[in-house]
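Computed over heavy atoms, backbone and side chain alike; hydrogens, waters and symmetry mates excluded.
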Amino acid sequence: MKTVLIALAVLTVMGAAFGAILAFAAKVFAVVKDPKEEAVLGCLPGANCGGCGFPGCAGYAAAVASGKAPVNNCAAGGEAVAAQIAEIMGVSAGDSVKKLAVVHCTGCGIDHSKYNYVGVHDCLAASRVAGGGALACDYGCLGLGTCEKVCPFDAIHVINGVAVVDEDKCKACGKCVDACPRHIIALEPYKTKKHVAIPCSSHAKGPVVTKVCDNGCIGCGICVKACPKEAITLDNFLAKIDYDKCIGCTLCAQKCPRGLITVDGVVPEKKPAAPAAAKPVAPAAQKAEEEPKAEEAKGE
């Protein structure tokens, strides 16, 4: 009995000693959190998507509190969250430009294949086999859903063999951009009332494109000539839009002979051409036409 009591006493003393040491260490080595950091973290949606460029919401909150990140960098929260964070930090939220993920492929090459792919249902896996995948177009969407799997907002799905973005759900986090092995997804700014896009990534020459895709860009340059703001250029046989210059006039979409360029995600109907104006008849020619008629009238 005496031995048991001694053991209990020793354990009690040891417990008290270790508790005191831990309490002392907690005070000495305590990390004091910035109250602004905790307030910012409380505003964030908790998606931990990484779209801000930091490791999760906690990483972004710490960066904002320390002045290393802007207050309007939360892709999932948008303008509402930016306004709340700006109020906490005592700064202006500034102007934020809406961005959305755009898949630069229409899927009009899915009927052109080099072989039948039988393997892991994943774009990254397919891109590592011979030829970089079964698709005949070396730049098109493989349609096996790697982007779909990584999207934390359920905003991108493979439909009819091509990845399609749900604009209402997309938060521009960029995870699909990083995951695509063919690098055909990009974040584009939606600055104008009508958003114009060229959903193609092919840098192949025109004759090659027409063999592997029904509406891919052939680098004809008609859209370049049609743009009144010089916002479209050809880069290695592929038309590209400079969104700092684009005004959303949609003239390029009307002129594209391949029906490729989209306006708010849809290829617009072609407007009927204006009727050609009648050419004015020269006075000399008109007089020459009237003289024979006058002579015929006299003969009668």
Side-chain angles (χ1 to χ4, degrees), residues 100-119 121-124 126-127 129-148 156-167 176-177 180-186 188 194-227 231-241 246 248-273:
L100 289 175
V102 176
V103 180
H104 287 260
C105 179
T106 61
C108 288
I110 59 173
D111 294 328
H112 305 271
S113 301
K114 293 178 283 191
Y115 52 81
N116 290 327
Y117 171 73
V118 179
H121 199 78
D122 181 81
C123 298
L124 188 58
S127 68
V129 301
L135 202 66
C137 175
D138 294 331
Y139 304 90
C141 176
L142 294 170
L144 297 176
T146 299
C147 55
E148 184 177 342
I156 188 166
H157 298 278
V158 175
I159 301 173
N160 296 327
V162 65
V164 178
V165 176
D166 184 335
E167 295 186 1
C176 57
V177 176
C180 178
R182 288 204 160 176
H183 310 293
I184 64 170
I185 307 177
E188 291 184 357
K194 294 182 178 179
H195 182 74
V196 182
I198 302 176
C200 182
S201 301
S202 178
H203 288 288
K205 292 184 178 180
V208 177
V209 174
T210 55
K211 289 180 182 178
V212 298
C213 184
D214 297 334
N215 73 341
C217 180
I218 56 176
C220 65
I222 291 176
C223 56
V224 177
K225 296 174 184 176
C227 181
I232 305 179
T233 55
L234 285 181
D235 177 15
N236 195 13
F237 307 108
L238 177 64
K240 289 191 174 181
I241 298 175
C246 179
C249 68
T250 76
L251 287 175
C252 55
Q254 289 292 329
K255 296 291 184 180
C256 179
R258 299 282 283 171
L260 167 68
I261 303 177
T262 61
V263 178
D264 292 336
V266 179
V267 177
E269 293 184 10
K270 300 285 184 182
K271 294 179 182 177

Residues, nucleotides or ligands: over 12 heavy atoms within 6.0 Å of Lys270 NZ: yes

Interatomic spacing from CG in Asp214 to CD1 in Ile110 - rounded to 0.5 Å: 9.0 Å

Test side chain to side chain contact (heavy atoms under 4.5 Å, CB included) applied to Val165 and Val103, step by step: CA-CA 7 Å; Val165 176; Val103 180; 3.9 Å; yes

Where Ala163 and Cys141 come nearest, the two heavy atoms and their spacing: N-SG, 3.4 Å

Inter-residue atom distance Cys223.SG - Ile241.CD1, 0.5 Å rounding: 8.0 Å

Non-neighbouring partners of Asp111 that pass salt bridge (charged side-chain N to carboxylate O under 4.0 Å, His left out), sequence neighbours left out: none

Donor-acceptor pair, side chain of Tyr115 and main chain of Gly131, under 3.5 angstrom: no

Verdict with supporting geometry, Phe237 and Val208, side chain to side chain contact (heavy atoms under 4.5 Å, CB included): CA-CA 11 Å; Phe237 307 108; Val208 177; over 6 Å; no

Summary of side-chain hydrogen bond (donor to acceptor under 3.5 Å, both in side chains) pairs that have at least one residue in residues 249-268, sequence neighbours excluded: none

side-chain hydrogen bond (donor to acceptor under 3.5 Å, both in side chains): pairs with one or both residues in residues 158-167, sequence neighbours excluded: Glu167-Tyr190

Nearest-0.5 Å distance that lies between atom SG in Cys200 and atom CD1 in Ile218: 10.5 Å

Any residue meeting salt bridge (charged side-chain N to carboxylate O under 4.0 Å, His left out) with Lys205, in chain and number order, not counting sequence neighbours: none

Glu148: partners by side chain to side chain donor-acceptor pair (under 3.5 Å), with sequence neighbours left out: His157

Spacing of Cys217 atom SG and His203 atom NE2 [to the nearest 0.5 Å]: 9.5 Å

Backbone of Gly265 reached by a side-chain donor or acceptor of His195 within 3.5 Å: no

Residue pairs, two or more places apart or on separate chains, that pass salt bridge (charged side-chain N to carboxylate O under 4.0 Å, His left out) and touch residues 131-140: Lys114-Asp138

Lys240/His104 under side chain to side chain contact (heavy atoms under 4.5 Å, CB included): CA gap, chis, key distance, verdict: CA-CA 11 Å; Lys240 289 191 174 181; His104 287 260; over 6 Å; no

Rounded distance (nearest 0.5 Å) linking atom SG of Cys105 with atom CG of Leu142: 9.0 Å

Heavy-atom pair with the smallest gap, counting every atom of Val158 and Gly143: CG1-O, 3.4 Å

Over all atoms of both residues, closest heavy-atom pair of Ile185 and Ala101: CG2-CB, 4.1 Å

Heavy-atom pair of closest approach, residues Gly248 and Val196: CA-CG2, 4.1 Å

Arg182 side chain to Gly140 backbone, donor-acceptor under 3.5 Å: yes

From Leu260 atom CG to Cys220 atom SG, the distance as rounded to the nearest 0.5 Å: 9.5 Å

Chi angles and distances behind the side chain to side chain contact (heavy atoms under 4.5 Å, CB included) call for Thr106, Val267: CA-CA 11 Å; Thr106 61; Val267 177; over 6 Å; no

Smallest separation among heavy atoms of Ile232 and Cys252, with atom names: CD1-CB, 3.5 Å

Closest approach of Cys123 to Leu144 (non-hydrogen atoms, all atoms of both residues): SG-N, 3.2 Å

